[in-house]
There are 2 protein chains.
Amino acid sequence: MSGTHTDVPSVVAADLPRPVPASEHDACPVSEVLRRIGDKWTVLVIVLLGKRKHRFNELHRSIEGLSQRMLTRTLRSLERDGLVAREVYPTIPPSVEYGLTPLGESLLTPLSALADWAVAHADEMSAARGRAG
Amino acid sequence: MSGTHTDVPSVVAADLPRPVPASEHDACPVSEVLRRIGDKWTVLVIVLLGKRKHRFNELHRSIEGLSQRMLTRTLRSLERDGLVAREVYPTIPPSVEYGLTPLGESLLTPLSALADWAVAHADEMSAARGRAG
DNA sequence: CAGAATCCTTATCGATACTG
DNA sequence: CAGTATCGATAAGGATTCTG
């Protein structure tokens with residue numbers, strides 16, 4: 001409660017990706033989550049925001065190869081899903097900080113489990129692909 | 001060691017998806033794994049195979065909306081990554097069984113963690129998207 | 001049964017240029 | 001600084017037809 005920021009979500013439609021078709025049944029919630037975070041940049045952003053809050057260009061500089069457009073889209077998606085909070089400080093020039101919500105923080109745990117698995121078995125997977133890929 | 005099957009991987013190129021560009025750095029192994037299993041059908045297949053072995057058409061019937069083409073591609077990718085094993089029984093008509101490898105089985109654990117998270121927070125996410133989606 | 005081949009639609013992503 | 005707008009390339013996914 002100390003800042004002068006306006007914690008307003010960026011409701012503007014922009015060109016957000018689909019909110020995940022979710023069409024039909026989708027009996028598997030895991031699939032839905034994976035479709036959300038399984039894209040090219042989302043986890044990278046989550047991991048960075050898991051350490052501390054970041055400003056837009058800070059994220060942009062930290063993640064090599066990430067375009068401005070994709071960073072915006074990624075952040076908007078995360079915001080829409082309630083995983084990331086956006087704080088706008090109406091200064092000149094504007095300053096925007098992104099951080100994880102409690103929901104976003106809670107995702108770090110299962111994500112770490114997957115990270116551990118990935119690190120532990122990366123060699124096995126690449127070996128398998130070496131044989132047949 | 002009891003069957004008469006030939007446990008031959010289907011090395012035929014077919015029209016497999018990219019083995020994940022993996023181009024450049026890719027400092028994050030989590031991202032790589034998520035790109036592999038984050039597609040539309042992979043986890044569904046893994047979960048089913050986690051219960052028991054399945055035949056091709058058995059999987060096809062079990063997963064509504066999954067086309068033959070995508071099932072083949074999904075299985076080939078999983079096979080290439082060493083997560084799924086393919087056993088061909090040279091009968092007439094042919095019979096092919098798919099099952100998880102030990103590596104595939106080991107993925108079930110972190111996947112379950114993510115599944116639990118997804119189930120626990122599905123309502124929060126849809127609530128967030130209800131507000132802004 | 002278990003696929004391969006082909007065609008076509010749509011979604012995803014990146015590059016570039018512009019703005020309050 | 002923190003975006004938006006537009007465009008083009010490519011990848012993912014689906015439908016259909018055919019085969020050993």
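Worth saying up front: this structure is predicted, and the values here are computed from it rather than measured. Letters A, B, ... mirror the listed sequences (proteins, then strands); counts begin at 1. Any value given below was found using the heavy atoms of this structure, including those in side chains, with hydrogens, waters and symmetry copies removed.
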Length of the [atom1]-[atom2] vector between [X] and [N], whole Å:
X     : N      : atom1 : atom2 : value
B:Y89 : C:dG3  : OH    : P     : 13 Å
B:E97 : C:dG3  : CD    : P     : 12 Å
A:I92 : D:dA2  : CD1   : P     : 14 Å
B:L16 : D:dA11 : CG    : C1'   : 14 Å
A:L75 : D:dG3  : CG    : P     : 8 Å

B:R73 side chain to B:D15 main-chain N or O, any donor-acceptor pair under 3.5 Å?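 Present.
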
Any donor and acceptor pair, going by atom type alone, linking the side chain of A:S112 with main-chain N or O of A:A115 inside 3.5 Å? no

Tell me, please, which residues at least two apart from [X] pass side-chain contact (heavy atoms from CB on, under 4.5 Å).
X      : answer
B:V47  : B:K51
B:A128 : B:R131
A:T109 : none
B:S106 : A:W117, A:H121, B:L103

Out of curiosity, A:L48 CG to A:I63 CD1, how far, rounded to the nearest 0.5 Å? 5.0 Å

Partners of [X] by salt bridge (Lys or Arg N to Asp or Glu O under 4.0 Å), sequence neighbours excluded?
X     : answer
A:R61 : none
B:E58 : B:R52
A:R55 : none

Does A:T42 have any side-chain hydrogen bond (donor to acceptor under 3.5 Å, both in side chains) partners at least two apart in sequence or in another chain, and if so, which? A:D39

Can you give me the bend angle of the helix from C:dC1-D:dG20 to C:dG20-D:dC1? Use the axis through the first five pairs and the one through the last five, nearest 10 degrees.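 End-to-end axis angle: 50°.
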
Restricting both atoms to N or O, compile the protein contacts to nucleotides 13-16 of chain D shorter than 3.5 Å, with distance only.
residue, atom, partner, partner atom, Å
D:dG13, OP1, A:R35, NH1, 2.9
D:dG13, OP1, B:K40, N, 3.2
D:dG13, N7, B:R69, NH2, 2.8
D:dG13, O6, B:R69, NH2, 3.3
D:dG14, OP1, B:K40, NZ, 2.7
D:dG14, OP2, B:W41, NE1, 3.0
D:dG14, N7, B:R69, NE, 3.2
D:dG14, O6, B:R69, NE, 2.7
D:dG14, O6, B:R69, NH2, 3.3

Given D:dC1, is OP1 or OP2 found less than 4.0 Å from the side-chain N or O atoms of A:Y98?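 Looking at the OP1 and OP2 atoms of D:dC1, neither is under 4.0 Å from any side-chain N or O of A:Y98.
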
What residues from residues 53-63 of chain B pass a heavy-atom cutoff of under 4.0 Å to DNA chain D? none

